[in-house]
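Reading through the structure tokens given below for one structure.
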Amino acid sequence: MPHGKPDLHSTTPTISWLAGEQTLTSAWRSENGWAPPKRTMLADDTMSADTAYRLASEGVALIWTGDFQNARQLLHALARRTAKRRPKYLELPYPERFHQVRLARAQRARTLGMLCLPFEPHHLLKHRRAPDVKGACLAAHGDSKTGYVMPLTELLGLISAYEWRKNGIDIPALGARIHPHYGVFAPTRSEYLELIAQAPLPQGPGMLGHAFDIGTGTGVIAALLLKRGIKHVTATDTHARALDCAQENIERLGLSSGVKFVQADLFPDGQADLIVCNPPWLPGRPASGLEHAIYDQDQHMLNGFLKGLGAHLTPQGEGWLILSDLAEHLGLRTREDLLDMIETAGLRVMERLDIRPMHAKTKDEEDPLADARRAEVTSLWRLRA
């Protein structure tokens with residue numbers, strides 16, 4: 001029978017399962033923030049995809065002990081079965097369609113996340129034909145002296161992120177590659193970077209001395225500002241993981257002398273001639289730590305940037321807000337809402353530079369949000385107090 005229970009006396013989440021007559025317990029690891037499943041069952045190559053799908057749909061974690069490559073094949077089979085349950089989203093208006101799509105994707109991810117792998121200490125997998133994943137796990141989490149259990153989907157995401165970190169992402173506007181770390185938003189969409197590379201810089205005596213990069217992430221915006229002639233950039237972020245990533249990228253580009261890194265919610269102390277912010281583009285509650293770069297809960301970052309901008313600008317300074325209007329097409333925010341936020345903050349719009357999206361999702365006819373994505377425009381708002 002499915003079995004398992006969390007350890008209520010430990011700060012580290014645990015997951016338990018029966019192996020014969022013995023109950024085994026291990027640490028639970030989920031970057032998505034999922035709680036450890038309360039029901040578990042051992043699974044191996046003898047389990048059919050239909051049985052696995054039924055159990056996973058019921059919230060039973062499958063602790064995989066079989067061949068690693070067979071586990072990947074089973075995951076593909078589970079994904080095909082979840083895809084068959086797609087409702088007729090196109091009949092729904094926005095924003096209901098968006099919320100239903102997001103809910104369905106979250107449920108799908110949770111079902112697929114029920115296929116789990118037990119790790120030995122130091123990120124070792126003992127499954128037959130298992131790859132060496134130690135490098136990818138070390139890069140994301142550091143060493144682990146104890147064993148743990150992780151969803152296979154999260155391990156595959158971690159491996160993919162490690163390849164991005166090693167190989168980097170080409171940034172045409174920068175003329176270089178940026179290497180994102182696991183859990184740090186990767187600049188795979190380059191159109192907003194083109195706007196930053198082309199926007200007219202604020203003019204005036206003594207300008208271009210200092211800029212703030214609010215929510216630096218990989219550090220790509222800070223690097224672009226330095227390439228454009230800004231003498232010094234203070235880059236902030238709330239997450240230590242992002243600051244480590246940004247610092248590594250800036251060092252790799254040979255720009256360390258021009259950047260100061262500060263762990264802060266929005267602004268550092270002082271004023272700057274140019275303050276740039278690329279907040280999460282969609283209002284909403286992040287479902288996991290990995291979604292904080294996509295969803296801005298209560299529009300905290302957008303509101304905070306606009307309300308605090310004037311106090312941190314030099315007299316002739318500018319703030320650059322990088323924002324997609326996808327939220328407007330999804331019915332999550334109106335253009336009037338945004339303009340009211342800007343006006344209420346005591347700011348005026350000097351200019352708005354627009355660019356159309358170039359990513360592949362705009363051409364994906366299977367995406368129930370494709371019509372909104374095709375209408376999307378990314379803008380750089382030049383603001384002054």
Side-chain angles (χ1 to χ4, degrees), residues 30-34 49-50 52-54 56-59 72 74-115 151-154 156-157 160-161 164 185-192 278-299 302 322-338 354-379:
S30 171
E31 194 74 24
N32 283 320
W34 291 331
D50 286 338
Y53 180 67
R54 176 178 58 80
S57 298
E58 294 171 356
R72 294 193 63 165
L74 178 59
L75 185 65
H76 290 314
L78 296 178
R80 289 194 297 270
R81 283 161 173 77
T82 60
K84 292 180 180 179
R85 300 177 61 182
R86 180 180 300 173
K88 296 180 179 179
Y89 294 116
L90 298 182
E91 297 177 359
L92 300 174
Y94 289 119
E96 183 182 356
R97 188 198 308 184
F98 169 76
H99 293 310
Q100 290 298 320
V101 168
R102 191 181 180 204
L103 177 62
R105 288 175 176 172
Q107 292 172 338
R108 177 180 185 272
R110 194 69 178 106
T111 297
L112 298 182
M114 288 295 154
L115 184 56
L152 175 57
T153 50
E154 294 199 20
L156 296 178
S160 177
W164 271 5
F185 185 71
T188 53
R189 289 183 54 173
S190 61
E191 61 262 23
Y192 75 95
N278 175 32
W281 289 349
L282 298 180
R285 182 176 179 271
S288 70
L290 298 177
E291 287 193 344
H292 279 282
I294 302 171
Y295 295 98
D296 188 5
Q297 185 167 358
D298 301 322
Q299 301 192 97
L302 176 59
I322 317 298
L323 198 64
S324 159
D325 67 354
L326 181 61
E328 298 172 20
H329 299 294
L330 296 175
L332 304 176
R333 180 177 58 230
T334 67
R335 176 56 55 94
E336 289 72 23
D337 290 338
L338 177 60
D354 298 334
I355 192 168
R356 303 288 298 186
M358 297 174 282
H359 56 90
K361 286 187 177 180
T362 60
K363 301 176 182 178
D364 183 4
E365 296 300 330
E366 296 296 316
D367 183 356
L369 307 178
D371 55 345
R373 298 189 192 281
R374 282 193 295 269
E376 180 187 7
V377 172
T378 301
S379 300

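Note that the structure is predicted; figures quoted are calculated from it, not measured.
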Please confirm whether the backbone N or O of D325 pairs with a side-chain atom of R333, one donor and one acceptor, at under 3.5 Å?
-> no
- request: Indicate yes or no for a side-chain donor-acceptor contact from D296 to the backbone of P279 under 3.5 Å, with no hydrogens or angles considered.
  value: no
Please walk me through it: do R97 and D371 pass salt bridge (Lys or Arg N to Asp or Glu O under 4.0 Å)?
CA-CA 12 Å; R97 188 198 308 184; D371 55 345; 3.3 Å; yes
Counting C-beta onward and ignoring hydrogens, is there a side-chain heavy-atom pair between [X] and [Y] closer than 4.5 Å?
X	Y	value
D354	S379	yes
Q297	P286	yes
L326	W281	no
L74	L152	no
P187	Y192	yes
Y94	L369	yes
V101	L92	no

Measure the spacing between [atom1] of [X] and [atom2] of [Y] and express it to the nearest 0.5 Å.
X	Y	atom1	atom2	value
N278	F185	CG	CZ	7.0 Å
L112	T82	CG	OG1	5.0 Å
E328	L323	CD	CG	8.0 Å
F98	L282	CZ	CG	5.5 Å
Y53	T111	OH	OG1	6.5 Å
E191	I355	CD	CD1	6.0 Å

Over all heavy atoms of both residues, which pair between [X] and [Y] is shortest? Give the atoms and the distance, please.
X	Y	result
W164	A186	CZ3-CB, 3.4 Å
R105	P368	NH2-CD, 3.9 Å
P357	R189	CB-NH2, 3.8 Å
P280	H292	CG-O, 3.3 Å
A327	P283	CB-CD, 3.7 Å
S324	E376	OG-OE2, 2.6 Å

- Message: How about CZ on R285, more than 12 heavy atoms from neighbouring residues, nucleotides or ligands closer than 6.0 Å, or not?
- Response: no
**Asked** For R72, does the CZ atom have more than 12 heavy-atom neighbours from other residues, nucleotides or ligands under 6.0 Å away?
**Response** no
Which of E291, R110, E154 passes side-chain contact (heavy atoms from CB on, under 4.5 Å) with N32? Answer is E154
For side chain to side chain contact (heavy atoms under 4.5 Å, CB included), just list the numbers for H99 and L332, CA-CA rounded to whole Å, side-chain angles, deciding distance to a tenth of an Å, and then say yes or no. CA-CA 10 Å; H99 293 310; L332 304 176; 3.9 Å; yes
